[in-house]
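The chain is numbered in sequence order, starting from 1.
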Amino acid sequence: MGRAFVYVILGGGVSAGYAALEFTRRGVSRGELCIISEEPVPPYERPALSKGCLLPETPARLPSFHTCVGANEERLTPKWYKEHGIELVLGTRVKSADVKRKTLLTAAGETISYKILIIATGAQALKLEEFGVSGSNAENVCYLRDLADAERLVNVMQSCAGGNAVVIGGGYIGMECAASLVINKINVTMVFPEAHCMARLFTPKIASYYEDYYKSKGVKFIKGTVLSSFDMDSNGKVTAVNLRDGSRLPANMVVVGIGIRPNTSLFEGQLTLEKGGIKVNGRMQTSNSSVYAVGDVAAFPVKLFGETRRLEHVDSARKSARHAVSAIMEPKKTDDFDYLPFFYSRVFALSWQFYGDAAGEAVHFGDYSGSTIGAYWISKGHLVGSFLEGGSKEDYEAIANATRLKPAIKDLTELERQGLGFALTI
Ligand code: FAD
């Protein structure tokens, strides 16, 4: 038993949705394109899961955040895929792939063949067990990667009003979930091993701005230590979290956000891997010319940095997906992907954007006791990264533009003095 398509997108997340829209714009015919996804719903904007979905009042629910609303494009509902003759094979896990034969085998035993494959399998949340701690399956321990996780988190949260939550991990999932828990009237303690939150991106100064804000909302921070075990009741529910530093935190629920692993396993030994992802060229094409990779799973050349990177951000998923489709459908008109890395987050009433690379020396600007703060990163005499909290649309466009231009910076004190004005006048 089997079906054959010209184009198959494996994975039904953010990049799959943006790729589908691009295919229709470039003239895919009915019946040529198929999306296979383990999830039971068509592609949606994953960032909504830790933001709108967790709000206590008028929470976001599908179909309101199907792709491509995040980029102010059409919202692709199941009806849209039907109208465009795109086959959605949902609730279906692909269990093996054969890139030589150009086939995928689903868990249900169906063989789906393709002429061109786009791998858009994203990533999965790292589990506590991988760090030697058991208890991930307890009913009040939550992760957050897909819709099912979000629905579970909402249910657990609703059963814990007024109770205590421990958030494990100080990255953006931890930070966004902590904010949502507070908004849902739950007492939050965040635990992470680093010296400050968002350690991969934030400087200590930026981090303390956010940590102070969180503290003003009642969040407690325990840093420099990790979870060592859970105390469970007789029903297998977590009642307390034990930390390696010897402390014990009573808990009605736990949220774990300790990183992700790209879903590459189907292609290991078949395609070249790099930086934990599937290596692609500037056309998002893998080491097999009929196979492309996009989104969180792809390691692609970032021209601006002159090196291959794997990015775990929604903007990169959207744009790499569109670029791959353009390279597939109009190869002669498509240049190499020239991407300015962009990442954002929204928590409480705060909202920040980051462009480029957090490499080299940071120069801070703005009012760190007020509402607009920022930083530039200078590496090898050039501005390579910019961060801004509380800016206007024009401000964000200006820091993006300045980062893309990579201007030479001679005087860091002068840059600090000019602050946002530097980007606005460049
Ligand atoms: P995904 O969107 O993860 O989609 C992968 C899809 O592939 C899934 O549907 C999965 O089920 C499917 N799949 C995987 N393996 C198989 C298989 N074998 N068979 C069938 N299907 C399979 N980024 C930002 O820049 N800003 C944010 O504020 C932000 N917030 C986020 C909040 C949350 C809660 C999460 C989880 C992520 C957030 N991100 C954010 C990151 C962003 O969502 C990801 O970068 C983006 O979703 C990556 O898109 P993707 O298509 O590569 O993968």
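- Applying ring pair (Phe, Tyr, Trp, His ring centres under 6.0 Å) to Phe300 and the options Phe337, Tyr292, Phe305 leaves one that passes, Phe337.
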Query raised in the report: Does the side chain to side chain contact (heavy atoms under 4.5 Å, CB included) test come out yes or no for Leu49 and Leu147, once each step is laid out?
Result: CA-CA 7 Å; Leu49 299 182; Leu147 194 63; 3.8 Å; yes

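- For Glu176 and Ser345, the side-chain atoms include at least one donor-acceptor pair closer than 3.5 Å.
- Residue-environment remark: CZ (Arg248) exceeds the threshold of 12 foreign heavy atoms within 6.0 Å.
- Stacking of Lys217 on the aromatic ring of Phe348 is recorded, both the 6.0 Å distance cut-off and the 45° axial limit being met.
- Between the CD1 atom in Ile409 and the OG atom in Ser379 there is a gap of 12.0 Å [rounded to 0.5 Å].
- Taking the side chain as every heavy atom from C-beta outward, Trp352 and Tyr210 approach each other to under 4.5 Å.
- When atom types are taken as modelled, the side chain of Tyr339 and the backbone of Ser316 share a donor-acceptor pair closer than 3.5 angstrom.
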Report task. Assess whether side chain to side chain contact (heavy atoms under 4.5 Å, CB included) is satisfied between Phe5 and Glu87, documenting all intermediate values. Result -> CA-CA 9 Å; Phe5 296 90; Glu87 192 76 23; 3.8 Å; yes

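- A salt bridge does not link Asp357 to Lys406: none of the charged side-chain nitrogens sits closer than 4.0 Å to a carboxylate oxygen.
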Query - Stepwise side chain to side chain contact (heavy atoms under 4.5 Å, CB included) test for Cys177 and Leu144 - result: CA-CA 9 Å; Cys177 287; Leu144 188 53; 3.7 Å; yes

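- In this structure a side-chain-to-backbone donor-acceptor pair under 3.5 Å is present from Thr203 to Ile206.
- Scanning both residues, Leu420 and Tyr376, for their nearest heavy atoms gives CA-OH, 3.6 Å.
- Side-chain atoms of Arg75 and Pro63, non-hydrogen and from C-beta on, do get closer than 4.5 Å to each other.
- From Glu151, atom CD reaches atom SG of Cys142 across 12.5 Å, with rounding to the nearest 0.5 Å.
- Under the side chain to side chain donor-acceptor pair (under 3.5 Å) criterion, Asn401 pairs with no residue at all, not counting sequence neighbours.
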**Report entry** salt bridge (Lys or Arg N to Asp or Glu O under 4.0 Å) evaluation trace for Arg318 with Glu73
**Finding:** CA-CA 11 Å; Arg318 293 170 181 157; Glu73 302 275 8; over 6 Å; no

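- Under a cut-off of 6.0 angstrom, the local environment of NZ in Lys215 is crowded, with over 12 non-hydrogen atoms contributed by other residues, nucleotides or ligands.
- Between Phe202 and Phe387, the gap from one ring centroid to the other is short of 6.0 Å.
- Within 6.0 Å of NZ in Lys223 there are more than 12 heavy atoms belonging to other residues, nucleotides or ligands.
- Of the inter-residue distances, the one linking Arg46 atom CZ with Ser15 atom OG reads 9.0 Å to the nearest 0.5 angstrom.
- In this structure, OG on Ser320 lies 9.5 Å from NE2 on His323, to the nearest 0.5 angstrom.
- For Phe354 and Trp377, the ring centers sit closer than 6.0 Å to each other.
- Annotation for Ala358 and Leu201: closest pair CB-CD1, 3.8 Å, computed over non-hydrogen atoms.
- A heavy-atom distance below 4.5 Å is found between the side chains of Val302 and Pro341.
- Atom CZ of Phe342 and atom CD of Gln353 lie 4.0 Å apart (nearest 0.5 Å).
- Between Tyr172 and Phe343, the ring center distance clears the sub-6.0 Å criterion.
- Side chains of Ser289 and Gln285: a donor-acceptor N/O pair is absent below 3.5 angstrom, by distance only.
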Requested in this report: Test Val226 against Val133 for side chain to side chain contact (heavy atoms under 4.5 Å, CB included), laying out the working first.
Outcome: CA-CA 10 Å; Val226 292; Val133 177; over 6 Å; no

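- Residues forming a side chain to side chain donor-acceptor pair (under 3.5 Å) with Ser386 (at least two apart in sequence, or on another chain): Thr403.
- For Ser229 and Asn242, the side-chain atoms include at least one donor-acceptor pair closer than 3.5 Å.
- Applying the side chain to side chain donor-acceptor pair (under 3.5 Å) rule to pairs touching residues 136-150 yields Glu129-Ser136, Ser136-Tyr143, Arg145-Asp296, sequence neighbours excluded.
- The list of side chain to side chain donor-acceptor pair (under 3.5 Å) pairs with a residue in residues 178-198, not counting sequence neighbours, reads Asn164-Asn187.
- Listed by first and then second residue, the side chain to side chain donor-acceptor pair (under 3.5 Å) pairs that reach into residues 56-67 come to none, sequence neighbours excluded.
- The two atoms that bring Tyr18 and Ala321 nearest to each other are CB-CB, 4.3 Å, heavy atoms only.
- Taking all atoms of both residues into account, the shortest heavy-atom contact from Leu90 to Pro42 is CD1-N, 3.9 Å.
- Of the charged side-chain nitrogens involved, at least one lies within less than 4.0 Å of a carboxylate oxygen, so that Arg200 and Glu312 count as a salt-bridged pair.
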Requested in this report: Would you please test Arg417 and Glu414 for salt bridge (Lys or Arg N to Asp or Glu O under 4.0 Å) and show each step?
Outcome: CA-CA 5 Å; Arg417 194 193 63 73; Glu414 176 57 17; 2.9 Å; yes

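- Scanning all heavy atoms of the two residues, the minimum distance from Ile35 to Ala16 falls at CD1-O, 4.2 Å.
- Annotation: side chain to side chain donor-acceptor pair (under 3.5 Å) contacts of Thr286 (sequence neighbours excluded): none.
- Side chain to side chain, Lys102 and Ser290 meet the donor-acceptor criterion of an N or O pair below 3.5 Å.
- Note that CZ of Arg346 is 15.5 Å distant from CE of Met175, once rounded to the nearest 0.5 Å.
- Closest non-hydrogen pair, Ser287 versus Leu271, comes out as OG-CA, 3.4 Å.
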